[in-house]
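Chain letters run A, B, ... following the sequence lines, proteins first and then strands; every chain starts at 1.
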There are 2 protein chains.
Amino acid sequence: MKRPTISDIARQAGVSKGAVSYALNGQPGVSESTRQRILAIADEIGWRPNSAARALNGARANAIGLTLCRPARILGMEPFFMELISGLEAELSARDFALMLQVVGDHDGEIAVHQRWWGEGRIDGAFLVDLHVDDPRVPVMEELGMPVVVIGDPSGAGTLVPVWSDEGAPVRETVDYLTALGHRRIARIAGLPKLVHTTLRDREFALACAGLDDCPVVHTDYTGEEGARATRRLLSSRVRPTAIVYDNDIMAVAGLSVAQEMGLAVPADLSIVAWDDSPLSQVVRPPLTALTRDIPAYGAHAARMLLDLIDGSEPGSFEDRAASLNPRGSTGPPVSAGH
Amino acid sequence: MKRPTISDIARQAGVSKGAVSYALNGQPGVSESTRQRILAIADEIGWRPNSAARALNGARANAIGLTLCRPARILGMEPFFMELISGLEAELSARDFALMLQVVGDHDGEIAVHQRWWGEGRIDGAFLVDLHVDDPRVPVMEELGMPVVVIGDPSGAGTLVPVWSDEGAPVRETVDYLTALGHRRIARIAGLPKLVHTTLRDREFALACAGLDDCPVVHTDYTGEEGARATRRLLSSRVRPTAIVYDNDIMAVAGLSVAQEMGLAVPADLSIVAWDDSPLSQVVRPPLTALTRDIPAYGAHAARMLLDLIDGSEPGSFEDRAASLNPRGSTGPPVSAGH
DNA sequence: ATCTCCCTTGGGAGCGCTCCCAACACGTCG
DNA sequence: CGACGTGTTGGGAGCGCTCCCAAGGGAGAT
């Protein structure tokens, strides 16, 4: 019943523990015939390396940390994280690394978890997501000396290694596309203003809209309710926008409902663009024009980067493919284009 | 730079390693004054227990395993898992347990991961989700002797400890409610037929519909596309249903779009019920009547159960609150009720 | 035949911690 | 005053593994 150890193998094979260790780790120091015999016995009695004993010898923990600090209902609604995790996993599990996950309440909690995991030798590195402006986690991680990959823009990553995708190009592409369709009043319903990528998109949006009539930006918490409320407010204003760009798809869907509720036709009276595509965008009528990104691939890149970093190489930053506009039925020329 | 160990503390405090160990673990064997002195020193030099060394002494790994085997795009779309994980986490992190997550391709992969983690001493227990009919994972887990909590119906859990919620009552409640509204032809667009809870709902649905006209059941893979296709087929049939119950909300939303696309008014021409509520259900027009469940609480119960099991107690099964019907705008009397 | 040299092998220290055991001091009781 | 119990302490084995070191043995060179 007890788990077999290398001593058991050594006894059965009539060799020493040392020889078994070399054989099992593919290291030189044992003859090929002995190696084969040891491997056969190990396999037969179902031996597994005890990760604790390995870790004790200064070896890797073979695990990576990831903490998320958004409330349950928002996490559940955001396909982003689950897709990201799938992508991270694909790469990590191929290298036999595990993912340690913890959902925490705030950044202090997140910092504490990382310090504990790292201090206890449970993880070899970590990912940082949802980068804030002046993020308190960055200096702490820098000081810890732990390998960390920031999934977000280099501007906020300090000396940590960033994996990112350009936020500017998609904004420009979207605004240019809407302008080409004839829109002059484009609004943006954005996410949390504290997040780095929100500020980047905001800035780029303001730049891209220079020369257009009026391009308001409303910040929300990403929930459908706030998206709906912001949409209602925008559509009730004296000069309502003819197009709205949303920072996630749940808000875009909520906005679509609000528009239809208010008797506006989409896209005739209002064009809608969602940032980050998901099955959701394609399931509503009309299907939403969206900024598509391969999120699992993004996660895989981040994971590969972190594993390289742990292996001792000093990778630079990695710029992933930017999101690209995927026009569907929710965008078109405004009916009042030539007013 | 090196991490401080209890030997360092012992040296500084002028006591033995043993005393330090007792002091830090709150065990008897040291005087209160010595304990305080040791604690102060430990805190000062920033000592953290090395989890590997602890685990080596037969102690807990303080980690729980969870594997998911759905493709990335479905995982991303299912709020269920993220909410469940949040709930698990809330309980686990309160007891300083970590969650080890891995996304795998199939049940064989899932079994392999569990065997590895358990064999390597990385986890103290695991959760099993998405129980299949004749699930191959169950006998393997039983044989491993690892503490496992099955998040799903007892009927498929074998000797493992189940945490579950009644699938029958919500089905009956829904069908009764629709019947009371005057519906006689109720359809069900279900999830994967291999899942235990799908079969339970199927059976209960057939029972509850006895005496009604015709109550077809269509099985899908939970995606919006399949939900839309199934809906289109049902609504195109000679005698179309006046109400459809969907097994998740993404399909319900897709179904709503299809209905509106086909010129049917909801709820006048078609009533829609979604199983498992989420912000999504409330964001579309009309908002969807849904079977609401507190998923984070469900996860928390499962976690508490597993921790008890690991602590050696022998808990029975735990029946969580069943989902309850939450009527919104997508259900009403059929216009042709009195035909 | 003797001496190197290198490949193979056994032995064992040590990683940080837990926990058992023996030693010790002190106080109480016969 | 000595025997004993209680509370505190130091010492050290052992968890499973890695890796260094030294010893053994065979082949090739002299």
Worksheet item: Do NZ/NE/NH1/NH2 and the carboxylate oxygens of A:Glu91 and A:Arg304 come within less than 4.0 Å?
Response: yes

Item to complete: By nearest nucleotide on DNA chain D, pick out whichever of B:Leu56 and B:Val30 is the more 5' one.
Response: B:Val30

Practice prompt. Using whole Å, report how far CZ of A:Arg37 lies from C1' of C:dT9.
Written response: 11 Å

Worksheet item: Would A:Asp108 and A:Arg137 pass as an ion pair if we require N to O under 4.0 Å?
Response: no

Discussion item. Could you tell me how far apart B:Ile38 (CD1) and C:dC17 (C1') are, to the nearest whole angstrom?
Written reply: 14 Å

Fill in: Toward the 5' end of DNA chain D, by each residue's nearest nucleotide, A:Gly18 or B:Arg35
B:Arg35

Practice prompt. Kindly compute the distance separating CG (B:Asp320) from CE (B:Met305), expressed to the nearest 0.5 Å.
Written response: 10.5 Å

Worksheet item: Taking atom P of D:dT8 as reference, at what distance in whole Å does atom CD of B:Gln36 sit?
Response: 13 Å

Practice prompt. Look at all strands and tell whether A:Gly121 reaches a base, only sugar-phosphate, or nothing, counting heavy atoms closer than 4.0 Å.
Written response: nothing

Practice prompt. Could you verify whether a donor N or O on one side chain and an acceptor N or O on the other, from B:Gln102 and B:Thr67, lie under 3.5 Å apart?
Written response: no

Discussion item. Please confirm whether the shortest side-chain N or O distance from B:Ser21 to OP1 or OP2 of C:dT18 is below 4.0 Å.
Written reply: yes

Practice prompt. For A:Ser155 and A:Asp153, test the side chains for any donor-to-acceptor distance below 3.5 angstrom and give the result as yes or no.
Written response: yes

Worksheet item: Does a side-chain N or O from B:Asn50 land closer than 4.0 Å to OP1 or OP2 of C:dC15, or not?
Response: no

Worksheet item: Separation of A:Ile45 atom CD1 from D:dG16 atom C1', in whole Å?
Response: 13 Å

Worksheet, complete the sentence: B:Ile6 atom CD1 is separated from C:dC19 atom C1', nearest whole Å, by 11 Å

Discussion item. Can you tell me if B:Thr34 touches the phosphate of D:dT8, counting only side-chain N or O atoms and a distance under 4.0 Å to OP1 or OP2?
Written reply: no

Response to the item:
When the rotation axes relating C1' atoms of four end pairs to the next four are compared across the helix from C:dA1-D:dT30 to C:dG30-D:dC1, five pairs an end, they differ to 10° by 70°

Worksheet item: Is there a donor in the side chain of A:Glu142 and an acceptor in the side chain of A:Thr159, or the other way round, less than 3.5 Å apart?
Response: yes

Item to complete: Could you check how far CD1 of B:Ile9 sits from P of C:dG16, rounded to whole Å?
Response: 12 Å

Fill in: Any N/O donor-acceptor pair, B:Tyr22 side-chain to C:dC17 base, under 3.5 Å
no

Discussion item. Within the supplied structure, the quantity of interest is the number of heavy atoms (other residues, nucleotides, ligands) at a distance under 6.0 Å from B:Asp106 CG; does it exceed 12?
Written reply: yes

Worksheet item: Quick one: which of C:dC19, D:dT18, D:dG10 gets closest to the side chain of A:Asn57?
Response: D:dT18

Discussion item. Looking at B:Thr5, I'd like to know whether one of its side-chain N or O atoms comes within less than 4.0 Å of OP1 or OP2 on C:dG16.
Written reply: no

Practice prompt. Verify, without hydrogens or angle tests, whether B:Asp8 (side chain) and B:Thr5 (backbone) share a donor-acceptor contact under 3.5 angstrom.
Written response: yes

Discussion item. Measuring to OP1 and OP2 of C:dT18, would you say a side-chain N or O of B:Arg54 lies under 4.0 angstrom away?
Written reply: yes

Discussion item. What is the separation between atom CG on A:Asp8 and atom C1' on D:dG16, rounded to the nearest whole Å?
Written reply: 10 Å

Worksheet item: What's the CG-P distance between A:Asn25 and D:dC20, to the nearest Å?
Response: 13 Å

Discussion item. By nearest heavy atom, map A:Ser31 and A:Lys17 onto DNA chain C; which one lands nearer the 5' end?
Written reply: A:Ser31

